[in-house]
Amino acid sequence: MSLISVDCESDGPIPHKYSMVCFGAVIVEPTLSKTFYGQTRPISKEWIPDALAISGFTREEHLKFDDPLIVMQDFEKWIKANSVGRPVFTSDNPAYDWSFMNFYFHWFLGKNPFGFSARRIGDLYCGMVKDSYAKWKHLRVSPHNHHPVSDAKGNAEALLAMHKMGLKIPIK
């Protein structure tokens with residue numbers, strides 16, 4: 001089993017009506033050297049300028065990004081090549097990140113290599129410290145700057161810190 005930290009940016013709050021702009025992924029292991037970055041052109045004519053602005057891209061730039069089918073195929077290949085056993089999706093906010101990734105995998109590939117579940121980093125930390133309101137983001141080292149690889153890496157760093165604190169997770 002391999003934990004994969006994933007972060008997405010989009011041009012709106014829900015998949016299909018709006019589009020994923022880009023995403024990053026990191027295998028949770030000590031070097032954090034196995035990363036993936038994908039940029040996907042819009043699948044919808046609708047977009048919210050303030051939402052897109054978070055990614056740092058303009059609509060004109062977004063329109064020139066790669067075909068989502070190719071990006072999702074490449075990501076699936078990367079997951080298979082870099083994970084051991086079943087890949088486990090982890091993120092800061094799976095309700096958001098998972099919804100976009102799950103939709104794009106099913107829409108373009110007809111399946112999701114992560115299956116039908118995800119892990120929320122904050123919930124893992126709250127369970128560890130037995131406090132449902134505990135803050136965990138101080139465990140990140142990389143800047144949270146809305147570049148999805150940097151954000152995914154920071155989240156993976158938090159998981160590695162939790163592992164050092166005693167959380168039993170697969171770290172290879």
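Keep in mind that this is a model prediction, so the values were computed, not measured. Both backbone and side-chain heavy atoms feed into the values below; hydrogens, waters and symmetry mates do not.
Hydrophobic clustering (ILVMFWY, side-chain heavy atoms < 4.5 Å, transitive): Val88 and Tyr125 are in one cluster. Residues Phe100 and Phe36 share a single hydrophobic cluster, defined by chaining ILVMFWY side chains whose heavy atoms lie under 4.5 Å apart. Linking Ile, Leu, Val, Met, Phe, Trp and Tyr whenever their side-chain heavy atoms come within less than 4.5 Å puts Ile79 and Leu69 in one cluster. Hydrophobic clustering (side-chain heavy atoms under 4.5 Å, transitive across Ile, Leu, Val, Met, Phe, Trp, Tyr) groups Leu109 together with Val71. Met165 and Ile171 fall within a single hydrophobic cluster, where Ile, Leu, Val, Met, Phe, Trp and Tyr side chains are chained together by heavy-atom contacts under 4.5 Å.
Using a 4.5 Å cut-off on side-chain heavy atoms (C-beta onward), Thr31 and Glu29 make contact. In this structure the side chain of Trp98 never reaches within 4.5 angstrom of the side chain of Ser91, judged on heavy atoms. Side-chain contact between Gln39 and Phe57 is present, with heavy atoms from C-beta onward closer than 4.5 Å. Between Glu9 and His147, every side-chain heavy-atom pair lies at or beyond the 4.5 Å cut-off.
Between the side chains of Asn102 and Asn112, at least one donor N or O lies within less than 3.5 Å of an accepting N or O. No side-chain N or O of Arg120 forms a donor-acceptor pair with one of Asn93 less than 3.5 Å apart.
With rounding to the nearest 0.5 Å, the separation of OG1 in Thr90 from CG in Leu124 is 8.5 Å. In this structure, the separation between NZ on Lys34 and CH2 on Trp78 is 8.5 Å, given to the nearest 0.5 Å. Atoms CG and CG, on Leu139 and Asn155 in that order, are 10.5 Å from each other to the nearest 0.5 Å. Atom-to-atom distance recorded for Ser2:OG and Asn82:CG is 8.5 Å, nearest 0.5 angstrom. How far OG1 of Thr58 is from CG of Leu63: 8.0 Å, rounded to the nearest 0.5 Å. One distance of note links OG of Ser83 with CE of Met1; it measures 11.0 Å at 0.5 Å rounding.
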>> What verdict does the salt bridge (Lys or Arg N to Asp or Glu O under 4.0 Å) test give for Asp11 and Arg59, after you've listed the backbone C-alpha separation in whole Å, the side-chain angles of each residue and the deciding distance to 0.1 Å?
In response: CA-CA 9 Å; Asp11 64 9; Arg59 181 66 172 182; 3.2 Å; yes
>> Apply salt bridge (Lys or Arg N to Asp or Glu O under 4.0 Å) to residues Arg140 and Asp151 and explain how you reach the verdict.
In response: CA-CA 9 Å; Arg140 293 174 174 160; Asp151 292 357; over 6 Å; no
>> As a quick check of understanding, evaluate side chain to side chain contact (heavy atoms under 4.5 Å, CB included) for Ile169 and Met162, giving each step before the final call.
In response: CA-CA 9 Å; Ile169 53 176; Met162 287 187 261; 5.7 Å; no
> Step by step, would you call Glu60 with Lys64 a salt bridge (Lys or Arg N to Asp or Glu O under 4.0 Å)?
Replying inline: CA-CA 7 Å; Glu60 292 72 29; Lys64 295 176 185 172; over 6 Å; no
> Run the side chain to side chain contact (heavy atoms under 4.5 Å, CB included) check on Lys130 and Cys126 step by step: do they pass?
Replying inline: CA-CA 6 Å; Lys130 296 178 176 51; Cys126 288; over 6 Å; no
>> Between His163 and Lys168, is the side chain to side chain contact (heavy atoms under 4.5 Å, CB included) condition met? List the steps.
In response: CA-CA 6 Å; His163 178 68; Lys168 293 179 184 175; over 6 Å; no
> How far apart are the C-alpha atoms of Glu157 and Ser5, what are their side-chain angles, what is the distance that settles it, and do they pass the side chain to side chain contact (heavy atoms under 4.5 Å, CB included) test?
Replying inline: CA-CA 10 Å; Glu157 291 161 349; Ser5 176; over 6 Å; no
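Taking each heavy atom of Ser44 and Ser19 in turn, the nearest pair found is N-OG, 3.3 Å. Pro15 approaches Ser99 most closely through the heavy-atom pair CG-O, 3.4 Å. Closest non-hydrogen pair, Pro113 versus Pro87, comes out as O-CG, 3.3 Å. What you find for Ala51 and Gly12 is that their closest heavy atoms are CB-N, 3.7 Å. Considering every non-hydrogen atom in both Met20 and Thr40, the closest pair reads O-OG1, 2.7 Å. Contact record, Cys22 with Pro148: SG-CG, 3.7 Å, taken as the closest heavy-atom pair.
Ring orientation note: the planes of His16 and Trp107 are nearly perpendicular, at an angle over 60° on the 30°/60° scale.
Checked options Val141, Ile27, Val26, Val149; the residue passing with Leu32 is Val26 (criterion: side-chain contact (heavy atoms from CB on, under 4.5 Å)). The ring pair (Phe, Tyr, Trp, His ring centres under 6.0 Å) test with Phe75 singles out one residue from Phe89, Phe105, Tyr104, and that residue is Phe105.
A donor-acceptor pair under 3.5 Å is formed between the side chain of Ser55 and the backbone N or O of Leu52.
Other residues, nucleotides and ligands contribute at most 12 non-hydrogen atoms within 6.0 Å of the CG atom of Asp50.
Using a 4.0 Å cut-off between charged nitrogen and carboxylate oxygen, Asp7 and Lys153 do not count as a salt-bridge pair.
Residues meeting the side chain to side chain donor-acceptor pair (under 3.5 Å) test with Tyr96, sequence neighbours left out: Ser10. Remark: Ile14 engages Lys17, Tyr18 in a side-chain contact (heavy atoms from CB on, under 4.5 Å) (not counting sequence neighbours).
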